[in-house]
Structures are given as structure tokens and as C-alpha cells.
Amino acid sequence: MKQFLKKAETVYIRHVGILTVLSLCLSLAVFAGCAARQPEPLKSVDTGMGTIISQTIYMTRQGEKALRTQEEEDAGKSYVTEGDVPPAEEILSLIGDMEQNLLSWRISGSEICYVNSQAADGQDRITLSRELSDIMETCLLISAASDGAFDITLGQVTRLWNIDEWSGSDKTGYEPPIEEELLTALSQSGSRFVSLQGNTLCLSKRVQLDLGAVGKGAALQVILKYLQEKEAQGKLEGAVISVGGSILTYGRKPDGGSWKVGIINPGDTSRNLGYLDLSGQWCISTSGDYERFVEVDGVRYHHIMNPATGYPACSDVSSVTILSKDGLLSDALSTACFVLGVDKGEKLAEEFGAEALFVDKNGQLHMTEGMEEYFRLSN
Ligand code: ADP
Ligand code: MG
């Protein structure tokens with residue numbers, strides 16, 4: 001190929017004149033520039049927040065050049081290194097920080113764990129960090145707007161169901177909670193027992209918080225800020241980051257293509273029903289009854305609870321996907337809409353300027369009007 005081009009250039013010099021040669025060189029340079037401006041994306045798959053985190057990141061050439069060299073990589077963290085830490089590593093550690101220091105009720109040392117232990121000791125006013133009170137504010141807003149279908153005070157109920165243990169492969173010997181215990185736990189749950197005054201959390205009934213429904217969406221917001229900084233430094237072109245069922249698309253693909261986010265078929269989770277065709281920045285969260293469940297004596301229990309009963313929600317929905325510019329909203333709304341069902345769920349999503357796509361128990365699709373612009377059926 002190279003040889004052929006050289007030959008062609010010579011022929012042009014002899015027969016067509018210097019101007020044509022210049023323009024040919026220019027177009028070759030542009031062509032070479034285009035090819036060079038499309039570095040391979042950085043791809044990685046890891047675990048965090050009890051789920052799979054997969055990242056595809058398109059750096060600019062400047063961003064690629066600024067990365068740590070292989071020698072610096074090999075030297076490890078104990079050495080002072082010159083280059084940038086690969087973005088996927090930084091994003092993983094941002095997610096880890098959120099889980100360990102802020103949101104996990106299981107990890108002692110996290111703020112939620114501290115709040116829960118204070119509440120269990122009978123404290124009724126607890127000062128929160130700015131970060132947590134901002135998250136709580138949005139959660140309480142959605143609780144109220146969903147008539148309590150979304151409820152971050154279900155800590156006692158979700159612990160009785162022991163949802164976290166379901167992610168393991170061995171689910172034998174599982175027993176659902178006994179009704180009396182559930183009723184007691186329910187009597188000490190409900191966002192009516194919680195309010196915010198500035199960044200002071202006021203609570204009663206020793207309620208226990210579970211922010212499992214928004215952890216991944218809150219992580220997307222932190223990742224979004226990081227990507228915005230990288231883009232402002234001229235180092236990032238675009239990215240798609242998924243934290244379990246919550247996905248962030250950002251920026252551009254160097255080839256100009258759109259971001260395609262698959263919608264899983266709840267009836268056959270190895271297949272997609274279709275996909276969302278998106279450009280630029282979006283947050284997409286899905287809540288489905290196939291994501292985490294146990295089966296006992298032929299009865300299937302999934303992980304999204306109806307706060308009115310303390311049992312897994314049984315609306316007309318198998319899965320719901322929310323599309324929003326904000327990750328906290330998309331994640332909270334997906335849980336809320338799952339509990340509410342298609343009709344009320346659509347209204348709630350629209351109230352928050354989000355789009356929703358439901359797959360009902362019969363495999364039928366329902367979507368808000370705005371979602372039609374983005375959804376494509378699989379062939
Ligand atoms: P996933 O965690 O699989 O993305 P969701 O975002 O729908 O799914 O969150 C479900 C988690 O939220 C549960 O594991 C539980 O911790 C908590 N949860 C369950 N039911 C509710 C509810 N009605 N409102 C708020 N949180 C809930
Ligand atoms: Mg959610």
C-alpha cells in the first residue's frame with residue numbers, strides 16, 4: 001500500500017504539477033490524521049457495589065499520550081509516577097469510595113452505617129454530610145411523589161429478606177421471613193418517619209435506611225463529574241460506563257456513531273428486546289424482577305419490595321428502563337416505577353422529565369411518548 005502511494009505521488013509530480021501534489025499531500029495528511037484520531041477504546045470489566053462494572057472509554061490522542069507508560073504501570077502505586085492513572089482505575093476507586101465511605105449499610109465506617117447505628121440507639125437528629133443530604137433530598141422527593149412506592153427506610157424489611165445473600169449461586173435452604181417479623185419491621189419503616197432540615201436528618205421509630213435502590217445511580221453522578229473534568233482537560237472523547245443496571249453514556253464516539261444501550265428481554269435474559277439509540281450524555285437505569293431473586297417451593301421472590309406490604313412488588317411490570325440526564329433520578333425512578341406499574345409509573349417518570357419503557361408481565365412494551373424517539377426494536 002505504502003509503495004503504491006509513493007508511486008502514485010511520483011506520477012502526479014511528473015504529470016500534473018505541484019499544486020495537485022500539494023492537495024494530494026494534504027488529503028493524505030487529513031486521511032492519516034483521521035485514522036490517528038481514532039485510538040482504540042480502553043475497555044475493562046470489574047466488580048464493585050456488588051455488581052459488574054464495565055467501561056469503554058475513548059480518549060483523545062492528548063489523553064492517551066498523557067497516560068502512564070507501561071514501565072510506570074509496572075512500577076506500581078508505591079512509586080511516584082509521571083503519567084495519568086488510567087481512567088478506568090480512577091473510576092473504580094471513585095465507586096469503591098462511594099460504597100465504603102457513604103452508601104453501604106453493611107460496611108462499618110460508611111456514613112449510612114453510622115446513621116443506622118445512631119438511629120438504632122434512639123438518636124432522632126443526625127447531621128449528614130452535604131453529599132448524603134443531597135442524595136437523601138432527591139430520595140425523599142421521589143418517595144413523596146410516588147406515594148411511598150419508593151422508600152429508602154425499608155432497611156429492616158430488606159434485611160429480613162436477606163436480599164444481599166441471594167446474589168450467591170447457592171440459594172438452597174433459603175426461607176422467606178415470617179409474617180409477624182415483617183409486620184413489625186414494616187411498622188418501623190416509612191418515609192413519614194424521616195425528614196430533612198438543611199443537612200440534619202430528623203427521624204423517629206429508629207428507622208433503618210437502605211439506599212440500595214440509588215447507589216448505582218449516585219455513582220453515575222460522580223463518574224459524570226470525573227468525565228466532564230477529563231473532557232475539559234482535552235483528554236476524553238466519550239465513554240459508556242455501566243454499573244450493574246445503571247448506565248452512563250457520555251460525549252462522542254470517535255467514529256461519529258451513536259451509543260446503543262440494549263434492553264434485556266425479561267423472558268429470556270440472554271437476549272435483547274431492542275436498544276436505545278442515544279447521542280451525548282444520558283443515564284439509563286433498569287429495574288427488573290429477573291435481576292435478583294430466589295425460588296422457594298416454586299414461588300419466586302425478587303428484590304424490589306412493595307413498601308405497603310413488605311413483600312416483593314407484584315405490579316404488571318417485569319422490567320422498567322428509565323432514561324434521564326441524571327443518574328440518581330434514573331435509578332430511583334426505575335425502582336419506583338417498577339412498584340407503581342405501567343400507568344402510574346409513566347406519569348411519575350414524566351413528572352420528573354424522564355422517559356420510561358416498560359416490559360409488562362406478558363412481554364408487551366409500553367413507553368412514554370418521548371421514549372419512542374430513542375427506542376429501536378431488535379430484528
Ligand atoms: P438494582 O439494585 O438491582 O439495580 P433497584 O435499583 O431497583 O435494583 O434497587 C433495588 C434495591 O433497593 C433492593 O435490593 C433494596 O435494597 C432496595 N429496595 C427494594 N425495594 C425498594 C423500594 N420499594 N424502594 C426503595 N428501595 C427499595
Ligand atoms: Mg433503582
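Since we're looking at a predicted model, the values are computed, not measured. Whatever order the structure lists them in is the order used to number ligands and atoms, beginning at 1.
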Ligand-residue contact atoms, ligand 1 with Glu291, heavy atoms, under 4.0 Å: 1 (P), 3 (O), 8 (O)
Subset of ligand 1 atoms that lie under 4.0 Å from at least one heavy atom of Pro307: 23 (N)
Sidechain-backbone polar pair: Lys325 side chain, Gln281 backbone, donor-acceptor under 3.5 Å: yes
Tyr114 atom OH: more than 12 heavy-atom contacts under 6.0 Å: no
For atom 20 (N) of ligand 1, the protein heavy atom that lies nearest, with its residue and separation: Met305 N, 2.9 Å
Thr368 side chain vs Ala356 backbone, donor-acceptor pair below 3.5 Å: yes
Ring-face cation of Arg159 near Trp105 (centre distance under 6.0 Å, axis angle within 45°): yes
Heavy-atom nearest neighbour in the protein, as seen from atom 19 (C) of ligand 1, with distance rounded to 0.1 Å: His303 O, 3.3 Å
Residue part near ligand 1, for Ala149, under 4.0 Å between non-hydrogen atoms: backbone
N/O/S from Thr335 sitting under 2.8 Å away from the Mg ion (ligand 2): yes
Donor-acceptor pair, side chain of Glu355 and main chain of Leu323, under 3.5 angstrom: no
Check: Phe338 ring centroid to His302 ring centroid under 6.0 Å: yes
Atom indices of ligand 1 within 4.0 angstrom of Phe150 heavy atoms, with elements: 24 (N), 25 (C)
Heavy atom of Gly244, distance to ligand 1 below 4.0 Å: no
Proximity to ligand 1 by part of Leu154, non-hydrogen separation under 4.0 Å: side chain
Protein heavy-atom partner closest to atom 5 (P) of ligand 1 - residue, atom, separation in Å: Thr335 OG1, 3.3 Å
Nearest protein heavy atom with distance in Å, relative to atom 24 (N) of ligand 1: Asp151 N, 2.9 Å
Opening angle at the Mg ion (ligand 2) [O, Ala213; O, Asp331; to 10 degrees]: 90°
Heavy atom of the protein closest to atom 9 (O) of ligand 1 (residue, atom name, distance): Ala213 CA, 3.3 Å
Check: Tyr374 ring centroid to Trp282 ring centroid under 6.0 Å: yes
Top protein contact for atom 15 (C) of ligand 1, by heavy-atom distance: Asp210 OD2, 3.6 Å
Donor-acceptor contact present, side-chain Lys361 to main-chain Asp316, <3.5 Å: no
Protein contact to atom 4 (O) of ligand 1 [nearest heavy atom, distance to 0.1 Å]: Lys216 NZ, 3.4 Å
Sidechain-backbone polar pair: Ser110 side chain, Ile107 backbone, donor-acceptor under 3.5 Å: yes
Flag for Arg125-Gln197: side-chain donor and acceptor within less than 3.5 Å: yes
Any N or O of Asp331 closer than 3.5 Å to N or O of ligand 1: yes
